[in-house]
Amino acid sequence: RNIAERTDKKAYEEAQKRLKIAEDDQRNMLPELRKRSRWEYLKKREAEKLEDLEAEIIDEEYLFATDELTEREKRDLEYKRTLRDLAKDYKKAGAKEQEERKNRYYMPEEKRRKVRTRDVETPMELGGEQGRWEEERLKTASLSFGAKKEREQGMRQEQEKYQLILEEDEMIDFVSTAITMKGTTEAPSSRSSEIQAFMKQSMQEVRRSLPIFPYREDLLAAIHEHQILVIEGETGSGKTTQIPQYLLEDGYTKGGMKIGCTQPRRVAAMSVAARVAEEMSVKLGNEVGYSIRFEDCTSERTVLKYMTDGMLLREFLTEPDLASYSVIIIDEAHERTLHTDILFGLIKDIARFRSDLKVLVASATLDTERFSCFFDDAPVFRIPGRRFPVDIYYTKNKIYCYKEQVLIMHPSSCCTFVLQEEIEACCELLQERCRRLGSKIAELLVLPIYANLPSDMQAKIFNPTPPGARKVVVATNIAETSLTIDGIIYVIDPGFCKQKSYNARTGMESLIVTPCSRASANQRAGRAGRVAAGKCFRLYTAWAFKHEMEETTVPEIQRTNLGNVVLLLKSLGINDLIHFDFMDPPPHETLVLALEQLYALGALNHLGELTKLGRRMAELPVDPMLSKMILASEQYKCSEEVLTIAAMLSVNNSIFYRPKDKVVHADNARMNFVVPGGDHLVLLNVYTQWVESGYSTQWCYENFIQFRSMRRARDVRDQLEGLMDRIEVEVVSSQGDNIPIRKAVTAGYFYHTARLSKGGYKTVKHQQTVYVHPNSSLFEEQPRWLIYHELVFTTKEFMRQVIEIESGWLLEVAPHYYKSKE
Ligand code: ADP
Ligand code: MG
């Protein structure tokens, strides 16, 4: 036994050592590479040693057969075999990738999905060590849905139900860790009566029952006493909805002063404002309102204003000292979005000379010490939480696409976290399965929630479920902390999120699907313990949790393009960005690159001062490149079209609708919109035809276009058009000539030029290999010169929304960029 233990320990240490090496390797890698899995590196190393390993194994297998190996050597042999298999897998995967590269000109939807799924899921585990590690750490209590063997007590009944549902090959083994996320309240079971009771409370009862309520007076006293206060409390304790109301009741809005509360997400700002208006029995937009980009729902009377952090940042442009506010609440501070981080610096600064301004920094139970430290040791007010215990389960092995099964099996309401583009498919799958099962299962309401969801749809999430029914909330990470959804007992966490990643050397920004951080995973799990004891099913192994996930998410400021923010700060007269008071400063090269890009766009002069063009660009609430494109449309006399394109680009690839059962129809419909020149022109075509249809819903339906996205594009377009007056751009049409349009796009996006060469497309400035997205209208065309709107990394660096250009235009639109560099 001793030997076995030692060997275990050795294997474990070995793995640790190798991880360490891989980590050191990674530290030297570019930030965007760092995000990829450590296993990729490990596997690669193993592949290199494959031959040696094979030889060793053969030798030892001989000895093994002749019984000449000690126990320990046998263990070692087993370990080596695992490594060999791993390396073989790696080689195989490599070969497959080669094959795919050959076939890349044809990638039907089905295949694409699979490829992506394989790639985004955490790669293979390192067999042996992982198993051992888990054995060491995990209790044997295991839970296996759909399997035939005996079930844990208490789950037996449920299991019988599931037996109906799951096919043999669909079973998922879960293992329970000894670890339970401790609750602060004892509640051994998730009894539906408790939940029902909770749901029945009247609105005022709910208000009084929130964890924050008993601390109302203390909190107000603390705010009175300190100018800056950090407030920490569990999600759902009432920070966002209650504190502004308490302040209002306490007189902070006397004399027409406002209370502002920032949210990192649009949906949260809207939904929370709606909730508070309801609690106060006022009409949304009157005393309580919200302001998000392209949508202002406030009035003269508004005193409680919820807004995105980006909007408050823009308010500095018109009111640099925020004179109309008596309190600013920076909520969800732990999210550390770019805009929130910039607000920290600006608000800390104005608080020095506006002693009457109260600043509250509200955060979930994360990182509050850092906030306190940044704000000159501001006191932290902790709202004791109320959370029921949550049992955490991990999968025993890797599993992939089982979300919908897990969701259906659960007897109570649950919430799962997926990526935005998966939401629709996931909801459809669930609904389809429910239809198939008919009355065999309790009624299941499938409710999506994500950033651009229209508000009428959002309201459904918060409606109490009818008796006997349950709901499944399919959410993006918006439901991690921003929105509190009550009555959730189960959480399914696939463990991924989508993150912006920025390469400061090449200036390329891409969205990468990566494992979320441990802090995120714990927040997700916490959603299950709001009203009763809950369970969280993690669709990854305990090993992956420990070793493949980062402790916390890197602040956005360190992994994004800063062009926008730098332009804004320059417009505020903040010239010395290097010494700006950042909580975590962005990488130096990122700052420099942002300055360089703004210079290339003509927004800054060679002294780094804002130009007239730069000032006009800053007026538009969009990225500098898009801003520049719109402003360039003045010169090329095509602002009518460019505004439409800008609006369509802003609605995030959610124009075309592709239901599973009508894929062919949908694709045909899409083909009908294709016009020569590229995706921007296709988008323009879609919009124009929609306008001609009289903004018809029916038309959208017939053409597999998402009406909601179109309506949003129309709103965005209206807003932008409204701003044209202010920046003195006349709205005129190019009358069907698309060359001016493409030139205007080039003027904004010349940084995003790619050129076709022997091995495919390469970006012009950094020779990085990129691919046309298979959804693009130019996927098969392969024009020589392209401009892309964005890069998305799934299996490869894909260019999404591309337009064909002529190389000669580059010099025309950005002479000082191209001339100086040639
Ligand atoms: P925190 O900001 O501390 O996470 P919130 O103030 O957002 O907490 O939420 C407090 C409570 O208010 C929630 O537990 C929930 O009961 C209720 N609530 C919040 N938003 C809504 C909504 N849109 N509809 C119904 N109830 C809501
Ligand atoms: Mg909140």
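First listed ligand is number 1; within each ligand, the first listed atom is number 1. The structure presented is a predicted model; accordingly, all values stated were derived computationally and were not measured.
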Just say parallel, tilted or perpendicular for the rings of Tyr215 and Phe381, cut-offs at 30° and 60°.
perpendicular
Hey, are Arg265 and Glu332 close enough for a salt bridge, meaning a charged N less than 4.0 Å from a carboxylate O?
no
Test log, rule side chain to side chain donor-acceptor pair (under 3.5 Å), inputs Glu319 and Ser324
CA-CA 8 Å; Glu319 195 180 55; Ser324 63; 3.0 Å; yes
Geometric cation-pi criterion Lys535 and Tyr393, 6.0 Å radius, 45° cone
no
Answer yes if the ring centres of Phe375 and Phe344 are under 6.0 angstrom apart, and no otherwise.
yes
Judged by heavy atoms only, the candidate from Thr240, Ile231, Val531 nearest atom 2 (O) of ligand 1 is Thr240
Just distances here: any N/O of Asp331 and N/O of ligand 1 closer than 3.5 Å?
no
Considering distance alone, does some N or O of Thr481 sit under 3.5 Å from an N or O of ligand 1?
no
Angle between ring planes, Tyr490 versus Phe537, binned at 30° and 60°: parallel, tilted or perpendicular?
parallel
Could you establish whether Glu278 and ligand 1 come within less than 4.0 Å of each other, counting only heavy atoms on the residue side?
no
Thr240 backbone or side-chain N/O/S under 2.8 Å from the Mg ion (ligand 2):
yes
Which is it for Val272 and ligand 1 at heavy atoms under 4.0 Å: side chain, backbone, both or neither?
neither
Contact atoms of ligand 1, heavy-atom distance to Ser237 under 4.0 Å:
1 (P), 3 (O), 8 (O)
Give a yes/no verdict on whether any heavy atom in Gly238 is under 4.0 Å from an atom of ligand 1.
yes
Of all the atoms in ligand 1, which lie at a distance below 4.0 Å from a heavy atom belonging to Thr235?
4 (O)
Report yes if Glu279 has an N/O atom closer than 3.5 Å to an N/O atom of ligand 1; otherwise report no.
no
Under the 3.5 angstrom rule, does the side chain of Arg527 hit a backbone N or O of Gln523 as a donor-acceptor pair?
yes
Give the contacting part of Arg275 toward ligand 1: side chain, backbone, both or neither, where contact means a heavy-atom distance below 4.0 Å.
side chain
So, the side chain of Lys239 versus the backbone of Gly233: is there a donor-acceptor pair under 3.5 Å, distance only?
yes
Side chain, backbone, both or neither: which part of Arg530 comes within less than 4.0 Å of ligand 1 when only heavy atoms are counted?
side chain
Atoms of ligand 1 less than 4.0 Å from Glu234 heavy atoms?
3 (O)
Okay, side chain of Lys358, backbone of His224: is any donor-acceptor separation there less than 3.5 Å?
yes
